[in-house]
There are 2 protein chains.
Amino acid sequence: MTGTPAADGRPHALRADAQRNRARILDAARTAVDEQGTQASLRDIARRAGVGMGTLYRHFPDREALLEELLGQRFDLLAGRAAALEASRSPEDALVEWLGEFTAGAGAYRGLAASMMATLNDESSSLHASCLAMRQAATRLLSNAQDAGHIRSDADGTDLFALVNAVTWIVDQAPSIAARRQHLLSLIVDGLKRQPAAGP
Amino acid sequence: MTGTPAADGRPHALRADAQRNRARILDAARTAVDEQGTQASLRDIARRAGVGMGTLYRHFPDREALLEELLGQRFDLLAGRAAALEASRSPEDALVEWLGEFTAGAGAYRGLAASMMATLNDESSSLHASCLAMRQAATRLLSNAQDAGHIRSDADGTDLFALVNAVTWIVDQAPSIAARRQHLLSLIVDGLKRQPAAGP
DNA sequence: ACCTGAACACCGTTCAAGT
DNA sequence: ACCTGAACACCGTTCAAGT
């Protein structure tokens with residue numbers, strides 16, 4: 001009975017040709033996003049994959065569904081890193097290190113910051129869930145550092161996400177600024193540190 | 001002899017119809033940018049202006065030439081504000097106030113941040129000159145505040161411009177974040193303030 | 001069940017033909 | 001000198017027709 005229609009009403013597994021097309025589309029998308037950023041032409045992706053436009057749309061109803069496959073992994077990874085750092089480092093180190101990893105990796109995906117912002121308040125976006133989980137992990141790092149007294153208490157997870165995304169964006173606007181990524185990030189992170197109270 | 005071709009080899013004044021078309025295009029562009037941001041459709045602008053595409057291109061060879069007309073005024077105005085604040089306020093107040101005015105006004109032009117970044121290293125851009133002048137004015141405010149000991153000395157004009165543009169960008173990505181403009185800006189500006197040395 | 005590719009409504013940019 | 005609008009090479013999205 002292998003490969004016969006399921007009798008339990010659950011969705012069928014993909015037909016072999018469909019499965020192959022799906023994989024091809026994802027491969028092509030990876031290459032295209034690598035070259036052109038998250039705004040890569042969908043037509044071009046279909047062309048590279050050697051499938052018709054309809055096939056691309058059948059597998060991925062919109063651009064974000066396609067991106068979710070590529071970026072979801074990254075989000076999950078970064079959420080995992082947050083958890084690992086939380087367990088192994090001081091609250092302050094964990095936060096600073098995570099922010100560094102976040103912005104460093106983002107350079108590989110031009111347009112990532114815009115895609116992430118678009119997903120923020122759009123619960124229907126395919127990227128919403130994995131992005132939210134990552135943000136929550138980052139927010140925990142922030143709270144820990146705040147509880148330990150290292151970070152000013154009037155900044156919240158949304159502020160942190162906004163600022164770090166803003167850096168991500170600015171950094172891929174111009175190569176001359178990309179070189180200053182670390183410096184810009186530290187200007188912001190230093191600024192978030194609780195200003196020491198004046199002398200005794 | 002009024003209206004006859006100039007004999008001195010200098011460029012002629014625009015013909016009356018050309019002058020009218022130019023004005024119409026700018027009017028249409030203002031409306032379109034207002035509604036759709038700096039990425040407004042050029043075709044749409046020509047349509048609204050009631051001119052052919054060729055006419056639009058004749059007057060403005062590319063999008064930036066058109067934007068220069070709209071944004072150049074704004075840049076000049078902000079450069080002027082910087083000079084005025086420099087004369088009338090303390091170094092720290094002048095800087096903080098100027099940054100507030102810069103980001104507050106930017107909300108009126110969606111896409112402005114991206115257009116400004118594009119112009120940064122592109123000397124052929126029509127926006128280059130007026131944008132540069134504004135940046136230099138802002139850099140003076142920064143230097144003054146640094147000389148007065150209010151701002152950390154390892155931030156330069158490029159950093160300041162990058163950060164303030166990053167805020168401008170993030171703020172028009174989502175209305176929920178636009179509401180936090182002032183707060184985000186003050187997180188950054190506070191952060192740039194020189195950390196007070198530890199007690200005696 | 002899945003695929004193809006033409007069709008549609010848009011772009012930006014160029015240019016021959018008109019006045 | 002200036003204008004028009006068709007032409008070209010691209011998009012994203014949809015959908016009838018095929019297997």
Side-chain angles (χ1 to χ4, degrees), chain A residues 1-29 32-33 35-67 111 114-115 118 124-126, chain B residues 2-7 9-29 32-33 35-67 111 114-115 118 124-126:
Chain A
M1 311 278 268
T2 17
T4 45
D8 57 4
R10 310 291 306 116
H12 305 297
L14 284 179
R15 225 166 61 179
D17 56 343
Q19 204 162 347
R20 213 195 43 190
N21 279 337
R22 193 175 193 282
R24 284 189 179 193
I25 292 168
L26 282 171
D27 275 354
V33 168
E35 288 173 20
Q36 316 169 26
T38 58
Q39 291 309 310
S41 154
L42 298 180
R43 243 190 163 87
D44 189 42
I45 292 173
R47 243 184 329 249
R48 290 179 198 240
V51 303
M53 284 303 294
T55 303
L56 188 148
Y57 272 87
R58 161 173 271 264
H59 287 286
F60 305 100
D62 53 36
R63 165 173 259 112
E64 300 210 316
L66 190 49
L67 288 177
S115 295
S124 73
S125 160
S126 308
Chain B
T2 19
T4 44
R10 309 289 310 113
H12 304 298
L14 283 179
R15 227 166 61 180
D17 56 343
Q19 204 161 348
R20 212 195 43 190
N21 280 336
R22 193 175 193 283
R24 283 190 180 193
I25 291 169
L26 282 171
D27 275 354
V33 168
E35 288 173 19
Q36 314 168 30
T38 58
Q39 291 310 310
S41 155
L42 297 180
R43 241 190 165 88
D44 189 43
I45 292 173
R47 242 184 331 248
R48 290 179 198 239
V51 303
M53 284 303 294
T55 303
L56 187 148
Y57 272 87
R58 159 172 273 265
H59 286 287
F60 305 99
D62 53 34
R63 166 173 260 113
E64 301 211 315
L66 189 49
L67 289 177
S115 294
S124 73
S125 161
S126 308

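The chains referred to below are lettered A, B, ... by the order of the sequence lines, with proteins before strands, and numbering in each begins at 1.
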Can you find a side chain N or O atom of [X] that sits less than 4.0 Å from OP1 or OP2 on [N]?
X	N	result
B:His59	D:dC3	yes
A:Arg43	D:dC10	no
B:Asn21	D:dC2	no
A:Ser41	D:dC10	no

If you assign A:Gly54 and A:Gln39 each to the DNA chain D nucleotide with the nearest heavy atom, which residue ends up on the more 5' nucleotide? A:Gln39

Return the [atom1] to [atom2] distance between [X] and [Y], rounded to the nearest 0.5 Å.
X	Y	atom1	atom2	result
B:Arg48	B:Ser41	CZ	OG	9.0 Å
A:Asn21	A:Leu26	CG	CG	11.0 Å
B:Arg24	B:Thr55	CZ	OG1	11.0 Å

B:Arg47 and side-chain contact (heavy atoms from CB on, under 4.5 Å): which single residue from B:Asp44, B:Val51, B:Ile45 fits? B:Asp44

Protein-nucleotide distance ([X], atom [atom1]; [N], atom [atom2]), rounded to Å:
X	N	atom1	atom2	answer
A:Leu42	C:dC10	CG	P	19 Å
A:Gln19	C:dA1	CD	P	16 Å
B:Leu56	C:dT14	CG	P	12 Å
B:Asp44	C:dG12	CG	C1'	13 Å
B:Ile45	C:dG12	CD1	C1'	12 Å
B:Leu66	C:dG12	CG	P	11 Å
B:Ile25	D:dT4	CD1	P	9 Å
B:Gln36	C:dC10	CD	C1'	12 Å

What would the secondary structure line of DNA chain C be in dot-bracket form, counting Watson-Crick and G-U wobble pairs under 3.5 Å, with [ ] for pairs that cross earlier ones and | for pairs with another strand? ||.|||||...|||||.||

Closest heavy-atom pair, B:Ala46 versus B:Gly52, reported as atoms and distance to 0.1 Å, is CB-O, 4.4 Å

Minimum heavy-atom distance A:Thr38-A:Arg63, with the two atoms named: O-NE, 3.0 Å

Nearest to the B:Arg58 side chain among D:dC2, D:dT13, C:dC3, which nucleotide is it? D:dC2

Looking only at C:dC2, C:dT4, D:dC3, the nucleotide nearest the B:Thr55 side chain is D:dC3

Do B:Ser126 and B:Glu64 have side-chain N/O donor and acceptor atoms under 3.5 Å apart? no

Near-strand residues of residues 46-53 of chain B, defined as heavy-atom separation under 4.0 angstrom from DNA chain D: B:Gly50, B:Val51, B:Gly52, B:Met53

Any side-chain heavy atom of [X] within less than 4.5 Å of one from [Y]?
X	Y	answer
B:Val33	B:Leu66	no
B:Gln19	B:Arg15	no
A:Leu42	A:Phe60	no

Here's a test of your reading of the structure: between B:Arg15 and B:Tyr57, which maps to the more 5' nucleotide of DNA chain C? B:Tyr57

